[in-house]
Amino acid sequence: MADKYIPQDIEPKWQKRWEEDKLYKAEKDPSKEKWYYLTMFPYPSGDLHMGHWYAMTPSDAHARYFRMRGYNVMFPMGFDAFGLPAENAAIKRGIHPKTWTYRNIDRMRKQLRSMGAMFDWDREVVTCDPEYYKWNQWFFLKFLEKGLAYRKKAPVDWCPTCKTTLAREQVIGEERVCERCGTPVIKRDLEQWFFKITAYAEELLDFSKLDWPEPVIARQRNWIGRSEGAEVYFTTEQGDPLPIFTTRPDTLWGVTFMVLAPEHPLVEKVTTPDRKAEVEAYVAAARRMSDIERESTEREKTGVFTGGYAINPVNGERVPIWIADYVLMTYGTGAIMAVPAHDQRDFEFAKKYGLPIRVVIAPPGWEGEELEEAYTGEGIMVNSGPFDGTPAPDPAIRKVTEWLEEQGIGKFAVNYRLRDWLISRQRYWGTPIPVVYCEKCGIVPVPEEDLPVILPEDVEFKPTGVSPLTYHEEFLHTTCPKCGGPALRETDTMDTFVDSSWYQYRYLSPHYDEGPWDPQEAEYWLPVDQYTGGIEHATLHLLYTRFFTKALRDLGLVDFDEPMIRLYNQGIILGEPREGDFVVVEGEWESEEANAFHAVRIRAIRDKEKPDPAVGPDFVQGEVYARDEVSVRLNVGGGRFVIVHVDEGTVIDIPDVPEATVMDLIYHLDAEKMSKSKGNVVAPDELVAKYGTDTVRAYLMFAFRWEQGGPWNSKGIEGTHRWLHRVWNLLLEEPQVKREATDQEIKSLRRKTHQTIKRVTQDMEEFAFNTAIAALMELTNLMMKLKETSAVYTDAWTEARDTLILLMAPFTPHIAEELWVRTGHEYSVHQQSWPTWDEALTKEEEITLVVQVNGKVRAKIPAPVGLSEEEAKELAFAHPKVQKYVSGKEIRRVIFAQGRILNIVVGK
RNA sequence: GCCGAAGUGGCGGAACAGGGAGACGCGACGGUCUCAAAAACCGUUGGGCAUUACGCCCGUGUGGGUUCGAAUCCCACCUUCGGCACCA
C-alpha cells in the first residue's frame, strides 16, 4: 500500500531541490533556440493575491511546455517597486517607503516561490534599486539630447488624492478619474517634463510586426486617434496667422464663422474693446469648469463673439470669430472653421446664436431649402467657386487639398489624439529626474558620470501632500555642472511607468554596470517572444514600452522595432457570487429614521414565491446583504438598507435548517473583481496550505478560459484536488488485477495515450489550458478503468503512465516530479522532452456511422473505418429505424459526408 | 454615436474548416462501504412527454435566410461587459 498524496510534504521538498540545483537558470546557449517568456511583474503591495496566481501560474505552465519542447527558456521575475502606496504607508504609519517596499518584496518573493514556478531568480530586478533607476536617468538624458524629452507649462491633470500630476493615459473614462485611486482629476497649470511619444504616433499605429490580440490593437488605435485632413491658413483681419485643421476641406466655402478655444493665445488680440468684458468672463468661467462638465456632449453649446474677424483664404470672405468651450485647445490648432451646414456641432451653435448657414454640399434632390440638421452625407459641391459640381466627399477632399497646396493656402495634414507622455510626478518614491535649475544656465542636465542621482533616504514624511524632496536641503541645493554656481535640483520624480517601459531588457543582466544591459545577452535573448498580462495595460504600459523600444532603437541601443512579439491577455478572477436569503422580519422599529429595526421573528424564504422587498410599521422584508451575530443588514428595495437587531429571544426560522442562528443566513455578494476593499478575497496562501500548490495551479487553469477569467467557485477546486489524488493512487497503489485485458482495450489505451499527447500539445499552442487538463482527466479515467485488468503489465500501460506524468509536468510540477521519480525514472521530469504522438495510433479503428433522415439523427451503426458510400447505404437501409423513416417515401438524395455521416433526404 | 468582446444545462465550460450539441469538472439524485458520518468508489443527470420499447418532441439570446445538414456562415435585432467620444 502506497502512502497518501500529501502535497504539503512533497511540494516544499521539490521546490528546495530545484532551487539548489538551479534547475531553471537560463543561460545563453547558441546551440539552442531561445524563448524569452515574460509575464508582467507585480507591484510589491505586500500580499500575492489570486489575480497574481491566475496571471502567473498558467504562464509558468506555458513556459515549462516550451522548455520541454527543447527551447532555451528564460522566465524572469522582479518587482515594480516604486510607487505611491509605499509613500502613503510612510505617511500613515511612519515606515520608510524603502523599508516597507523591501519588506513586502521579501514576503512576496516567498509567496512567489510557493507557486512552484520556473522563475530564474538570478535575474530578478527591483526597480527602486539605484542600480536599476540609474538607467531611467540615463535614458532621460539620452531622450533629452534627442529632443524626446522636454519641459513645458501646460494645463495638466492633477489627482487631489495622490497629490500628483498624471499622464493622459492615467485618467480613466468619462468621469475622468485617477487610474490608481478613482478620484476625479482636476486641471492645474504646471511646468512639467514630457516624453515625446507623439513623435512615434504614426509608427505606433503599425502593428504588422506584432502578434497581439485584436482588442489591444483596437484600443491603441483608438487611443492614438489618427485623422486625415488639411491644415488651412486662415488669418485674422489684422493679419495674424490662424491656421486650422479640418477633415472636410471640401466644405471650406461653407465657413460662416470661426471658433477659438477659450485658452487660444489670439483671443485677447482679436477681442474688440466692446466685447472684452463678456469674453473675459466667458474665459474665466470655462477655466473654472471641470473637464467633465466641459466635455459633456449633453450640454448645450455656449460661446461669445469676440468682435474680431478672420479672412477665409479660399474666397477672401470676412467671418466673425467666436470663442466656445466645445473647441479644445489640446486638439489640432485650438481653432476651428465652422461649417454649420455640414457639421452638427456648428449647426447647433449657429442656430442658437443666429449665425448664417450656407449649404456647400448639396444632398441628392436638394432644391435650396433650409436644412433641419447638418448634412454630412454624400453630395455635390455648390456655392464653392471653382469646385461647383464636384462630388463630395470623394474626390472633392483630395481635389480641394491639392488646390490648397497649389495656392499655398493649405496642405494635407494628419492629426492625432495622442498627447505627449507627462512623466513628472510630485512624489518622493520614484526616480529623481536628473536635471538642475541654475540661475545663470537655466535647465542643466546632470552629467552622465554623476549618475545615479540618488534618492535621499533621510527624509521626513509630513501629511502635507508635498514631496519631502522639496524640503530636503541637502538634496535640493547643488552646484551647476556647467558654471559651478548654485543650482536647485528638480524635485519631481518620474512616472513609475518609465520603470516598466524597459524592465524586460534589464532582466538580461540585472547587475551590469556598463550600460542598461549587456549587449551580448541582448543579442541572444531579445526581443521578448511571449508576453502575458492583463488588458488593462493596453493604453498604458503596453503603449509606453512600445514607444520606449522605438526610441531606444533610434538611439542605436536595440536593433528591432517592437519589444514583445506575442502578447496574450488573461482575464480577471472575480469574487464568488452569492444570492442572499430573502427574509421577512416581524418586530418593531427602534428608529425608522436611522433604519434600525428590532426583530422578534425572522423567517427565511427560499422558494421562488418571494414577496417584494418592503417595510411596514411592524415588519421589514428584503434580501440579506450582510450579517453578524447580533444584526442582519437587509436590502429592502429602492436602495434602502435596514439594520435588523437580533437578540436571544429572536426566533430564527430557516427552511431545512433546524435550530438556526443568524449566522446560517446567507448574504448577497455580487461577482466583483477580487479586492481587499470588497472583502471577497480568496487568499491563495490559505488554499495552498489546504490543497497544495499543484491543486491551486491546476484549478486556475482548468476552471476558466484563461482569456476570460470569471467568478471563483470554492467547490470547484475540490474536483481538481480529487483528480490529483486519483492520479496518485492510480500510479502508486498496487493494482488488484481481476481479469485479462482484451486486445481491444490495450489498443484503446495506446490510442487514448496518443490522442492525449496530440490534444494537450495543440491546446498548449492556443493557451487552452482548461481543455488540456480535461484531456488529461480523460486519460486518467480510462486508466482507472483498466487498472483492474492485466493491461497494467503491458508496455501500453507504461507508455500511458509516463505520458501522463510528462504531460502533467507543466501544470502540476511537484506531483509530476514525485511520480516520475517514484515510478523509477531519473530526476528531473522537468528536464525531459515533451512527448510526441504517432498520428496513426490516434486513429479510431471503428467508426459510428451516423444516419440522418432529413438532417435528423435516426440511427448510429458501428462500421469499419473507410467504408464506401455504397457500403454505408447498405448498412443504413438495412437498419430497422432507418426503414421506419424512409419506407414508402421518395428518396431524393443521399449525402455521404466525412466518411461517417449519411444523410438521406426523403420526400413526403 | 464609433470600436471591441461575449450570450450554449442548475454552475464553470467543450464542440478542429458547416456534419453525432453538452467533452471534462462542479452541484444534485440514487447506490456500495460504515454502528454512523466523512472520504472513496459505482450509477443517473439539458427540458418535456412517455416509461411498454428506450420511443417521440423541443433545445446553443431573438427573428429571418443560405444549405441535404447551422452553436458554427449571412442579414436584422435584443442583452451584458469593456474601450473611445463636442477630436473639428
Side-chain angles (χ1 to χ4, degrees), chain A residues 172-174 213-227 229 244-248 251 259 261 294-301 324-328 330-339 342-346 348-349 415-418 535-536 538-539 569 571 577 698-699 702-705 707-708 710-720 722-723 725-726 729 758-759 762 766 768 770-778 780-781 784 847-860 881 884 892-906:
Chain A
I172 306 296
E174 210 171 338
E214 198 50 49
V216 175
I217 292 176
R219 284 198 203 183
Q220 292 204 351
R221 234 183 232 136
N222 222 338
W223 189 258
I224 296 166
R226 181 183 198 273
S227 52
I244 56 93
F245 175 75
T246 177
T247 52
R248 290 297 302 269
T251 63
V259 189
R294 210 178 135 173
E295 290 178 13
S296 164
T297 45
E298 315 293 301
R299 210 163 53 89
E300 202 181 329
K301 289 163 191 30
D325 58 13
Y326 76 90
V327 175
L328 309 174
T330 45
Y331 186 79
T333 62
I336 61 156
M337 64 180 210
V339 185
H342 306 291
D343 181 287
Q344 191 57 28
R345 292 158 302 178
D346 299 344
E348 283 162 24
F349 196 83
N415 238 292
Y416 303 93
R417 214 181 63 89
L418 183 71
I535 193 170
E536 66 275 14
T539 54
N569 296 121
Y699 176 63
F702 174 66
F704 311 90
R705 281 158 72 173
E707 76 274 25
Q708 237 170 263
W712 181 261
N713 177 342
S714 49
K715 284 278 170 40
I717 192 168
E718 304 271 355
T720 2
R722 280 200 281 265
W723 172 55
H725 271 284
R726 278 209 306 277
N729 295 335
K758 184 175 178 180
R759 280 174 63 185
Q762 290 177 346
E766 290 160 25
N770 56 343
T771 48
I773 292 178
L776 292 172
M777 287 175 171
E778 282 185 46
T780 309
N781 292 346
M784 295 277 287
I847 59 147
T848 304
L849 179 68
V850 177
V851 185
Q852 301 178 331
V853 179
N854 285 350
K856 285 192 175 175
V857 178
R858 295 301 180 187
K860 296 175 185 180
K881 283 192 61 185
K884 183 175 156 192
R892 290 192 180 156
R893 231 177 126 179
V894 178
I895 291 124
F896 188 53
Q898 316 272 308
R900 61 191 174 90
I901 284 180
L902 192 78
N903 190 7
I904 302 164
V905 186
V906 298

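The sequence lines fix the lettering, A, B, ..., with proteins before strands; numbering per chain opens at 1.
Note: CG (A/N415) to P (B/C84) measures 19 Å, nearest angstrom. Distance CD (A/E718) to C1' (B/A40): 13 Å, rounded to an integer number of Å. The distance between atom CD of A/E707 and atom P of B/A14, rounded to the nearest whole Å, is 8 Å. Distance A/E214 CD to B/G83 C1': 13 Å, rounded to the nearest Å. Here B/C26 presents its C1' atom at 10 Å from CE of A/M777, a figure rounded to the nearest Å. Summarising the geometry, the separation between OH on A/Y416 and C1' on B/C87 is reported as 14 Å, rounded to the nearest angstrom. Look at CZ on A/F702: it is 14 Å from P on B/G12, rounded to the nearest Å. A/R417 has its CZ atom 12 Å from the C1' atom of B/C2, to the nearest Å.
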| task | Apply the test side-chain contact (heavy atoms from CB on, under 4.5 Å) to residues A/W223 and A/L418: give CA-CA distance (whole Å), side-chain angles for both, the deciding distance (0.1 Å), then the verdict. | result | CA-CA 6 Å; A/W223 189 258; A/L418 183 71; 3.6 Å; yes
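Across all strands shown, B/C84 is found opposite B/G1 as a Watson-Crick or G-U wobble partner, with both distances under 3.5 Å. Pair check for B/U60 finds none; no Watson-Crick or G-U wobble contact set falls under 3.5 Å. Of the nucleotides present, none pairs with B/A71 by Watson-Crick or G-U wobble criteria with both distances under 3.5 Å. Searching all strands for a Watson-Crick or G-U wobble partner of B/G43 with both distances below 3.5 Å returns B/C29. The partner of B/G22 cannot be assigned: no Watson-Crick or G-U wobble pair with both contacts below 3.5 Å exists in any strand. Remark: B/A50 base-pairs with no nucleotide; criterion is Watson-Crick or G-U wobble with both hydrogen-bond distances under 3.5 Å. Remark: B/G7 base-pairs with B/C78. Criterion, Watson-Crick or G-U wobble with two distances under 3.5 Å.
Nearest approach of A/Q220 to A/A538, heavy atoms of both residues: NE2-O, 2.8 Å. Residues A/V857 and A/K860 approach most closely at CG1-CE, 4.0 Å, considering heavy atoms. Taking every heavy atom of both residues into account, A/G334 and A/V327 meet most closely at O-CG1, 3.6 Å. Taking all atoms of both residues into account, the shortest heavy-atom contact from A/S227 to A/Y331 is OG-OH, 2.9 Å. Of all non-hydrogen atoms in A/L328 and A/A261, the two that sit nearest each other are C-CB, 4.0 Å. When all heavy atoms of A/P215 and A/I535 are compared, the pair lying nearest together is CB-CD1, 3.8 Å.
Nucleotides B/U67 and B/C56 have their C1' atoms positioned 26 Å apart, rounded to a whole Å. Spacing between B/C78 and B/G20 at atom P, rounded to whole Å, works out to 32 Å. Atom P of B/G10 sits at a distance of 28 Å from the matching atom of B/A5, rounded to the whole Å.
Side chains of A/E536 and A/N569 form no contact here, defined as non-hydrogen atoms less than 4.5 Å apart.
When heavy atoms are screened at a 4.0 angstrom cut-off, A/N781 is found touching the sugar-phosphate backbone but no base atom. In this structure, A/K860 reaches the bases: a heavy-atom distance under 4.0 Å links it to at least one base atom across the strands shown. Using a 4.0 Å heavy-atom distance criterion, A/R219 is classed as a sugar-phosphate-only contact. Contact annotation for A/R900: base contact, defined as any heavy-atom pair under 4.0 Å involving a base atom. Heavy atoms of A/E778 sit under 4.0 angstrom from primed sugar atoms or phosphate atoms, though from no base atom. Contacts of A/A703 with the nucleic acid, taken as non-hydrogen atoms under 4.0 Å apart, involve only primed sugar atoms and P, OP1 or OP2. Contact annotation for A/W223: backbone-only contact, meaning every heavy-atom pair under 4.0 Å involves sugar-phosphate atoms and none involves a base. Residue A/K881 is in sugar-phosphate contact alone, with no base atom involved, counting any heavy-atom pair closer than 4.0 Å across all strands shown. Using a 4.0 Å heavy-atom distance criterion, A/T720 is classed as making no nucleic acid contact. A/D343 comes within contact range of no nucleotide atom at all, as no heavy-atom separation falls under 4.0 Å.
For the OP1/OP2 pair of B/U67 and a distance below 4.0 Å, the side-chain nitrogens and oxygens of A/R893 include no atom meeting the criterion. Between A/R726 and B/G25, a side-chain N or O to OP1/OP2 separation shorter than 4.0 Å is present. Applying the 4.0 Å criterion to OP1 and OP2 of B/G69, one finds that A/N854 has every side-chain N and O outside that range. Neither OP1 nor OP2 of B/C84 sits under 4.0 Å from any side-chain N or O of A/R221. OP1 or OP2 of B/C58 has at least one side-chain nitrogen or oxygen of A/K856 nearer than 4.0 Å. Applying the 4.0 Å criterion to OP1 and OP2 of B/A88, one finds that A/S227 has a side-chain N or O inside that range. At least one side-chain nitrogen or oxygen of A/R345 sits closer than 4.0 Å to the OP1 or OP2 atom of B/C87.
Glycosidic conformation at B/G9 (O4'-C1'-N9-C4 for purines, O4'-C1'-N1-C2 for pyrimidines): syn, within 90° of 0.
Across B/C57, B/C68, B/G7, the shortest atom-to-atom separation from the side chain of A/R705 is found for B/G7. With B/A40, B/C3, B/G19 as the choices, the nucleotide that has an atom nearest any side-chain atom of A/A218 turns out to be B/C3. When each of B/C56, B/G13, B/A88 is scored by its nearest atom to the side-chain atoms of A/Q708, the top-ranked nucleotide is B/G13.
Side-chain atoms of A/D346 and A/Y326 include a donor-acceptor pair closer than 3.5 Å.
Each of A/V857 and A/N713 has a nearest nucleotide on RNA chain B; the 5'-most of these lies closest to A/V857. Position along RNA chain B of the nearest nucleotide to A/T247 versus A/R759 favours A/R759 as the more 5'-ward residue.
Contact annotation: side chain of A/N222 to base of B/C84, donor-acceptor pair absent below 3.5 Å.
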